[in-house]
Every structure is written in structure tokens, then in C-alpha cells.
2 protein chains.
Amino acid sequence: MSRKGWRSPKEVRIADVARIAGVSTATVSRVLASPDKVRQKTRDLVLEAVRQCGYTPNSVARNLRKRRTMTALVVVPNLANPVFAQILRGIDEELTQSGYGLVIGSLDNCEDREARYVELALSRQVDGVILMNGRIPEGNKRTMREAGLPMVAMCAAIDDDKIPNVVVQDREASRAAVEYLVQLGHRRLGYIAGPPSNIIAAERLAGFLEGIAEAGLSEKDFVKWDGRFVFSAGVAAAEAFLKLKDRPTGVYATSDESAIGFIKVVRAAGVRVPEDVSVIGFDGIEFADYVEPTLTTFRQPLHDLGRKGAAVLLKMIHKQMQPGDWNIRLPLELLERDTTRAIPDGTRKASRQGRGKPHLVSH
Amino acid sequence: MSRKGWRSPKEVRIADVARIAGVSTATVSRVLASPDKVRQKTRDLVLEAVRQCGYTPNSVARNLRKRRTMTALVVVPNLANPVFAQILRGIDEELTQSGYGLVIGSLDNCEDREARYVELALSRQVDGVILMNGRIPEGNKRTMREAGLPMVAMCAAIDDDKIPNVVVQDREASRAAVEYLVQLGHRRLGYIAGPPSNIIAAERLAGFLEGIAEAGLSEKDFVKWDGRFVFSAGVAAAEAFLKLKDRPTGVYATSDESAIGFIKVVRAAGVRVPEDVSVIGFDGIEFADYVEPTLTTFRQPLHDLGRKGAAVLLKMIHKQMQPGDWNIRLPLELLERDTTRAIPDGTRKASRQGRGKPHLVSH
DNA sequence: TCGATTTTTGTAATCGATTACATCTTGAGA
DNA sequence: TCTCAAGATGTAATCGATTACAAAAATCGA
């Protein structure tokens, strides 16, 4: 019961256990790491000693010796964004399953905080890094790569064949969003963009423009509003929308949040959704199903994305990369809900009416 | 340019730098840690060598030697919950400012994952722990406390005077919520509870019951629905609500998510909010302001809560705790928005009408 | 019972930094 | 120029585990 004469419990070392059990530190270490290499009797002796003084190995020392930390760093732009939160859950799950830990580095939209995380990685505190922010300065990226640090990019296709990519098919889904609206009979579209500097936003814009071209539409047939993937961007877009005389009948918002902001404001101004304007979002966050009317959107396979990303990182760490691992692009799923509908007298090509089964976007 | 003959860049050690600069490792270490103790000329020599071979100190080794990691662990029940996301931002900010890092341990609602995080802490990989989950098994808590690990509880008042508490005034705000509804003339109330096993939920329930008693109401005057702080709990409550013949006119949901779920379902059934039923939430998440109608709620000072919690942990780590630090309870702010209103012919005590200025709940 | 083999255990080097202490320089003042 | 304090640098111990290798003990067959 009493522990007099001992170090404070927080400072029990392997040597203390060894002394109590009457064996060497090597044996204690073995009991804990590979019990089958130690005779039963000795093992029991050691385990009893461990129990008695409440020993937990110091993993800082272990990490130093083993030259690895069993931990990965994930750099995200923003913790408050539910999209990242979901991806993180997937990552966490995959890593945990393999005995790895996770350090989350949130930039909180301050790009300069990145330096700290780069240092964390470079100083060997983690075994690998997953990048989810669109804009890692080239310098940092190169430094880390040269340091031989396993890395995975989950922001957007990075044109660097040393860094594997795990992303969703932003471009394809964007194109499909246009196609979907056009099929419903919409000929005049609105586009709520992401931040111009963001790689993902650029991908989605490219897809949108491809869709426009494929539908035989031109620049005159759509309005584009800049945004930042957030609620307020949708609000701003809606305000611009309301001022137009020739309003779009179909709006594609590149994030659910901005779609929700848009809908809220136009409805407050008496514009009905979907009767007067159809809106389709992007992300598939939970709240998209909570709002009224429920939001039609492309669902990102966030959880899966996270798991795949982490899986690739682990392969990278264990040097088991295979050809197919370098460029993974997951499909999105169209969730047809209540903010979109066909123009009654429109000249629709397809006859998909009302609620259909969600369909998968293929490459 | 060429690096032949060197270790791979990832393995540059302080000894390499020392050799190149022609000094001892001690000097290199000093240049990096306390430059003013080294002569200018030597310093330049060393810095040049550092630059030349791209040296970054191995912080695992440093942590071992210094017996501290400059990192704190935060255990949260769930990353996807925006409430925790906001608190985490506050924590992160405060820690970063003091040069500390942050490891987030998400339980993802699996309590058994906790063991892993306890081990992380016990194995000296972090200097302190912030607990945000309501149900840390006693055993684990005691183990960590006995290990002398600095800890802060941010879930609810833990009746352990060795662990400081940083929480919001759940009970008081709950009481105030009842008071508010009663003042608006509501005499028949609904209560959407949190999970019975959760400490915070228990606090809120206690506050609610206090409020009921203070208003001179009794058990017959309210209906209580169990929930889990989530959207679906609100949905379930609404379904129960709709079946009642004598429906409450004022509903207090102990989380915004459940309030939103409730509103969505009752409106779909033709019940108007706030005309037929007033709803007040709890949390003050962003989405509460995005839904239609905007949700009246008690806003938790999440960011501040996080900062304060981290600040207390840092004091604990640095052994600078002061009497007032052991029990911090932050007030909430009532955000009067569009889901609540006075019963027109009700017998209200106060005459607060429509939108007032948000008012602070004091102890 | 003896030696060979296998199994178990111990010794000591190692991971890569920091830092107390010792030693060597430098420069000011006599 | 010499002395001595202050300043700069080096030496080596240290943090706490793991593990290669050596040594000891157990096991087995003859």
C-alpha cells in the first residue's frame, strides 16, 4: 500500500521493475514486448513487479530507440468544417486499427501556422504526414519530401509523382451536377464557387465549365459567384441572385454550406425552392438532410476517403506501395432530395422524374 | 549540391553538424537553444553547417532528455460534433500560443478506445490531459491522477478536488431556459434530455427541474423525452409530441441539434414554430442561425471555454495553480431569435416582447 | 553422466539530443 | 607582460528504453 522509498509513481522506470523482480532490464523489456521469449516463471515474476509499482514504459525513450513513433500527422485547414471532421474520423479509424496514433494539425485558416507542423514532422515526431490543405508552400513540401518523410496529399491532385493522391472525383462530379440540372430542363445556371486559390475549388470549376460546354451552353448561360465554401458565401450569392432580372433556374453550389445559405436568403425573399429555382450542393454533410427543404447534393465518401488516405500512408511508411496506390480518386454519390426538380414545361432530355435512386458517378 | 558520403538527409544528426562546423555537439546545441552563449563567429559557422546539411533536431531525443514533450492530449467523445470542434479551436489557440502542441483523442463514441489514450498519457508522450468526455472510468482517472499527470476536466464538475474543472453553467442556464419560457407565458413545457449516463445531461436536467419548481410548476406540467444531444433525438421527441393531445407550448431542447430535429418534424406535420410551439435550444452552434426559423438558444462560450481550459492545464503543468483556477464556470448567453415568442393571451409576468438584447446569465 | 544443442537471461551499446562540469580562451586591469 | 575573472568551448553523463551479442542455464540424446 505505502510506497515509501520509491520514486514518485510517475517516475517508475524499467530499472525499478527489474530490481524488484530480480532480473535484468532486458528481461523486463522482453516480457512486455515478446512474452514468449521468456520462461513462464520469470514472466510471472516480472508481471507481478510491473503491477506492484504501476509501471508503464516511457514511449519517448522507446520511440528514440526504435526510430519511429507510430504516429501520423494530419494537417487540415479547419477543424470546424464538418467535411474535414468526417474525413478525420475515417483516418483515425484506419490508423488506430493498425496501432498508429494521430496528431491533428489545424491551420485554422492561418497558413503561417503550417511551419510549426512541418517542423513537427521534420523533427521525427511523426512517421508520416497527410496533407489536406490545398496550399502547402512548395518549399515546405520539397523539404519534407527530401527528408524522406512519407506523405499523402488529400487535397487535390498534386503534380508531384513522389506524393500519392487520395481525392474524390471533384471534376467529374461537377460536370455531372451540370448535366443533372440540364437534364431537368435548366438552361440558365448559377455557380457558387470556392476560393480561387484553392486547388479543389479550381477542379470543381473546371468540371463545371466542362459540363457547360458539353451541354452546348456558353458563358452567357451562367452566372458565377465567388465564395469560400461557407454559409456566408451562399448568402452573398443569393443577394446577387436576387438583383438579377434574368435569374438562373438552377444553381450549383460547390459546398453544402453555401447552398444552405443561398436557399435561406432567397426563400426569405419569396423565391420558392425548388419551384422557382433548383439548388444542388456538394459535400453531403449531415445538415444537408436537416434543412428544409432537404438539400440535393453530391455526397463525398468522406469516411472512406479518410480510411483510404490513411491506408495509403501506412503503405508508404511500410514501403509497400503498389502502382494503383499513387492516384486514388473516389466517386461521389448523387443524393436527389427536395431542392431540385424538373422545369415543368422544360425540354428535358431524360425523363428522370422526382426522386430516383441515388446514382453513382463513375469516372 | 551533391550530398554523397552523407547519411540520407533524413538522418542528419547533431554530431554531423558538429563535425562539419568543427565544433562539439554541445556547441551546436547551444547555438540552437541559447545563441547568446556562443561567440558570434562560432555561431555563424554552426548555422552555416546546419543550413548546409538541412539539420532539424530530433525532438524525440530532446523530449527524452528534457523529460517533457510540450504536448497536451485532449480526449473528446466525438469529432463530428461542432460543439467540440469549437472548443478544440480555443484549446489549440491557447496551447499554440504557449509553444505547446495538441493531440486530439477522439473516442468516436466508443468508450473502450479510451484505454489507448490513457496509455498515451501514462507513457509520458504528453505533458497533460484535458478530459471532455463525461464518463472516464474511475480506475483510469485515478491511475492518471496518481501518476501525477496534470489533468483538467471539461465535461462537468468532477467531484475530485485534485482535478480542476472548467465548464459552463449548465445548470443555471437550464434553469434560465425554463424561466424564459415561463415568462413568455408558457405553462406546459417539453424537455428533450441528453443521455441519462452523461454528467452534463444530468446537470441540465437538474437545472430544468429547479426551474420548474421555481416557477411553481409540477411534474404534471411537463413532458420529458430522452435523447442523445443529436438530431434524431429531436425527431423522436417530435414524433412523441405530435401524438399528445395536450401538447406543450414551449419546448426546451438541451442541444441545438435536437431542437432542429424537433422543429423540422413538427413543422412538416403542420405545427407552426413559434406560433404553435416555442422552441429553445442549447449550444449556440453556427447552424442554429442558418435554419429556418432561426433558433433561439443558449450560446456556450465554446472558444473561450477552450482557451480557459487550456490555460488552466498549462498552469497545472507549470505548477502555478491559484485558488480560483480549480473551479471555473462560464456563463452562457441567451440568443433570442425566431423560434420563441410570447403566448398572446398568456399571463406573462414580464413584458419582454419580441427581440430583446441578448442577456447574460449570471451565476 | 556428459557434451551438444537449445533456451533463457544478462551485459552493454545504442538511439540523439541536453547540460553539469571541466578546461581552455580571451581580455581587462595591474 | 602577467594575473585573474569572465566567457567560450569541450567532455562525458544522462534521459529510459531496446537489442546484438555473450554468457549461463536448461534440455536432450547417447
Side-chain angles (χ1 to χ4, degrees), chain A residues 6-47 49-50 53-70 119-120 122-125 127 147, chain B residues 6-47 49-50 53-70 119-120 122-125 127 147:
Chain A
W6 290 11
R7 284 181 165 223
S8 134
K10 65 186 276 188
E11 307 193 19
V12 184
R13 301 173 324 257
I14 198 172
D16 300 314
V17 178
R19 186 164 27 75
I20 294 171
V23 300
S24 73
T25 62
T27 299
V28 177
S29 180
R30 278 183 210 111
V31 169
L32 268 26
S34 35
D36 47 321
K37 289 190 175 176
V38 178
R39 197 160 37 128
Q40 170 83 46
K41 217 171 109 192
T42 324
R43 204 189 308 160
D44 293 344
L45 219 60
V46 170
L47 288 176
V50 165
C53 58
Y55 169 70
T56 309
N58 179 322
S59 44
V60 175
R62 168 191 294 154
N63 290 345
L64 173 60
R65 175 62 225 239
K66 292 202 157 186
R67 303 156 126 254
R68 56 118 188 83
T69 62
M70 301 294 282
E119 200 199 302
L120 196 81
L122 254 27
S123 69
R124 314 274 109 204
Q125 293 214 79
D127 297 341
Chain B
W6 291 10
R7 286 183 164 222
S8 133
K10 64 186 275 189
E11 307 193 19
V12 184
R13 302 175 324 261
I14 197 172
D16 300 315
V17 178
R19 186 163 27 74
I20 294 170
V23 299
S24 73
T25 62
T27 299
V28 176
S29 181
R30 279 185 209 110
V31 168
L32 266 27
S34 36
D36 47 321
K37 289 189 176 176
V38 178
R39 197 159 37 127
Q40 171 81 48
K41 218 171 109 193
T42 323
R43 205 188 309 161
D44 293 344
L45 220 60
V46 170
L47 288 177
V50 165
C53 59
Y55 170 69
T56 308
N58 179 323
S59 45
V60 175
R62 169 190 293 155
N63 290 345
L64 173 59
R65 174 64 224 239
K66 292 203 159 186
R67 304 157 123 253
R68 56 119 189 82
T69 61
M70 299 295 281
E119 199 199 302
L120 197 81
L122 252 28
S123 68
R124 313 275 109 201
Q125 293 215 79
D127 297 340

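Just so we're on the same page: letters track the sequence lines, and every chain starts at 1. Keep in mind that the numbers below use all heavy atoms, side chains included, and drop hydrogens, waters and symmetry copies. Nothing here was measured: the structure is a model prediction, and the numbers come from that model.
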Nearest to side-chain heavy atoms of [X], which nucleotide of [options]:
| X | options | result |
| --- | --- | --- |
| Arg65(B) | dG10(D), dT19(D), dC15(D) | dC15(D) |
| Tyr55(A) | dA17(D), dT18(D), dT19(C) | dA17(D) |
| Thr27(B) | dT18(C), dT9(D), dT19(D) | dT9(D) |
| Leu64(B) | dT18(D), dT19(C), dG16(C) | dG16(C) |

Nearest-Å distance for atom pair [atom1]/[atom2], residues [X] and [N]:
| X | N | atom1 | atom2 | value |
| --- | --- | --- | --- | --- |
| Glu11(A) | dG16(D) | CD | P | 7 Å |
| Asn58(A) | dT18(D) | CG | P | 10 Å |
| Ile14(A) | dG10(C) | CD1 | P | 12 Å |
| Arg19(B) | dT11(D) | CZ | C1' | 18 Å |
| Arg13(A) | dT18(D) | CZ | C1' | 16 Å |

May I ask you to evaluate whether [X] reaches the phosphate of [N], defined as a side-chain N or O under 4.0 Å from OP1 or OP2?
| X | N | result |
| --- | --- | --- |
| Arg62(A) | dT18(D) | yes |
| Arg67(A) | dG16(C) | yes |
| Ser29(B) | dT18(C) | yes |

In chain order, what residues pass the side-chain hydrogen bond (donor to acceptor under 3.5 Å, both in side chains) check against [X], with sequence neighbours excluded?
| X | answer |
| --- | --- |
| Ser123(A) | Ser59(B) |
| Asn63(A) | Gln125(B) |
| Thr69(B) | Asp127(B) |

Estimate the overall bend of the helix from dT1(C)-dA30(D) to dA30(C)-dT1(D) from the end axes over five pairs each, rounded to 10 degrees.
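Between the first-five-pair axis and the last-five-pair axis there is 40°.
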Can you name the side chain to side chain contact (heavy atoms under 4.5 Å, CB included) partners of [X], sequence neighbours left out?
| X | answer |
| --- | --- |
| Leu122(A) | Val118(A), Thr143(A), Met144(A), Ala147(A), Thr56(B) |
| Arg30(A) | Ala26(A), Thr27(A), Val38(A) |
| Ala15(B) | Arg13(B), Thr25(B) |
| Lys37(A) | Ser34(A) |

Looking at CZ of Arg65(B) and CG of Leu64(A), how far apart are the two atoms once the value is rounded to the nearest 0.5 Å?
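If I round to the nearest 0.5 Å, the distance is 13.0 Å.
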With a 4.0 Å heavy-atom cut-off, tell me which residues in residues 30-44 of chain A come close to DNA chain D, sorted by residue number.
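Residues of residues 30-44 of chain A that come under 4.0 Å of DNA chain D are, in numerical order, Arg30(A).
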Quick one: which of Val23(B), Leu47(B), Val50(B) gives a side-chain contact (heavy atoms from CB on, under 4.5 Å) with Val17(B)?
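Answer to the side-chain contact (heavy atoms from CB on, under 4.5 Å) test with Val17(B) among Val23(B), Leu47(B), Val50(B): Val50(B).
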Residue met sooner reading DNA chain C from 5', once Ser24(A) and Lys66(B) are mapped to nucleotides:
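Result of the comparison: Ser24(A).
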For Val60(A), report the nucleic acid contact type (base, sugar-phosphate, nothing); a contact means any heavy atom under 4.0 Å.
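Here Val60(A) touches no strand at all.
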So what does Val23(A) touch, heavy atoms closer than 4.0 Å: a base, only the sugar-phosphate, or nothing?
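Sugar-phosphate, backbone atoms only, no base.
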